[in-house]
Amino acid sequence: MAKRRVGILTGGGDAPGLNGIIEASSRALIQAGYEVIGIMDGYEGIFNNRYRDLTADVVHGVHIDAGTLLGTSNKTWIAGRADEFNANYKKLNVEGLIVAGGDGTFAGLSELGDKIVPAIGVPKTIDNDLAGTEVTFGYDTACSVIAEAADALRTTANAHRRIMIIEAMGRTAGWLALGGGLAGYADVILIPERPFSKEALLKSIKEKQKTSRGLVMVVAEGAFAKGESPHVAFKVKGSPQEERYGGVAEMLARWIEAETGWESRHVVLGHLQRSKAPTTTDRFLTLTMGVEVAKMVQDHAWGQAVVYRDGRVQRAQLTELMQPARLVDKDHRWVQLAQALGIFI
Ligand code: F6P
């Protein structure tokens, strides 16, 4: 009997843990007698017929690294090319695809309409804002980068009697700034879900100025003041979400310094948040998800996704990942934690 064969691809912005998904799902599938191929550079690899064999020796140990062994792309290439996609997919001679990606990647699949291919979804983003799952891998690692930056920058803030403002990623969601800011005990955390009052922020900073040598603020790239809008730095044509946010930390540093006389500097963490080796939490999550995905392949659970809910990895419909972004509830229990600590949020 011919060997059963499955493809795996990674799409969207990279997130620490993608290699863990590749290693865990491939190893569990190989154990179960499958042949696994890795499609290169997300959907691009389907159009270009570029893939590599994922044998045990190829995937062994890759879980350690951030990035993705298979390459990725956060531009959608499917719109208007469903027939071409479908014809090329058939040439791969696989039972279906394991697709690890974000909202743009899954929206891409929905563009196939009635030409949909058998797929199992694996939710991924450092932003932690995918619908249908309570946490995405990469988030914990990215939060640790923010918390470590807050810890480190507090030393220079105190040395120079300055405010250090850290800009975190996250697009329209504040999960990264909130999680990383809390873990680093930042003095101020600004997130898009809670547009801030400029007056109240200045009042709080002036108050803290009386007792603190330095201050650390963590600001989401999408954060904005009441009555204003998020700072769009530039647009990426062809990307499912064209806006790239940025610039709010620098703007705040100049404005706060002018208003309070407290010298301020800003640091944009940018893609460092996506580039660190996965934490143990992210490793365990991807290991568990990868093994579940391999079981799903054996159960022919096409059209479904692996998610994390109620404290464990489980299955859901793939369409549940295609819903609008999951934002921080403005009175979320983590917001209350910050308030209890006297953090301005
Ligand atoms: O969605 C993940 C993310 O890292 C966002 O937090 C950030 O705004 C965006 O991607 C950056 O995209 P790019 O890789 O195109 O710079």
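Every number for a ligand or one of its atoms is a count from 1 in the order of the listing.
Listed by number with element, the atoms of ligand 1 under 4.0 angstrom from any heavy atom of Asn74 are 13 (P), 14 (O), 15 (O).
Cluster partners of Phe284 are absent, since no Ile, Leu, Val, Met, Phe, Trp or Tyr has side-chain heavy atoms less than 4.5 Å from it. Trp262 shares a hydrophobic cluster with Ile163, Ile165, Val188, Leu190, Phe196, Leu201, Leu202, Ile205, Leu215, Met217, Val219, Val248, Met251, Leu252, Trp255, Ile256, Phe344; the chain of contacts runs through ILVMFWY side chains whose heavy atoms sit under 4.5 Å apart.
Ranking the protein heavy atoms by distance from atom 7 (C) of ligand 1 puts Glu221 OE2, 3.6 Å first. For atom 1 (O) of ligand 1, the closest non-hydrogen atom of the protein is Asp127 OD2, 2.7 Å. Atom 15 (O) of ligand 1 has as its closest protein heavy atom Arg244 NE, 2.7 Å.
Side-chain polar atoms of Gln304 and Asp299 form no donor-acceptor pair below 3.5 angstrom.
With atom 14 (O) of ligand 1 as the reference point, the heavy atom nearest to it among Arg274, Arg171, Met169 is part of Arg274.
Here the side chain of Trp175 pairs a donor or acceptor atom with the backbone of Arg326 at under 3.5 angstrom. Without hydrogens or angle criteria, Glu167 side chain to Glu221 main chain gives no donor-acceptor distance under 3.5 Å.
Taking only nitrogen or oxygen atoms, main chain and side chain alike, Gly170 reaches within less than 3.5 Å of ligand 1.
Residue contacts with ligand 1, taken as heavy atom pairs separated by less than 4.0 Å, involve His271 solely via side-chain atoms from C-beta onward.
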Chi angles and distances behind the side chain to side chain contact (heavy atoms under 4.5 Å, CB included) call for Asn49, Leu92: CA-CA 8 Å; Asn49 207 30; Leu92 295 173; 4.0 Å; yes
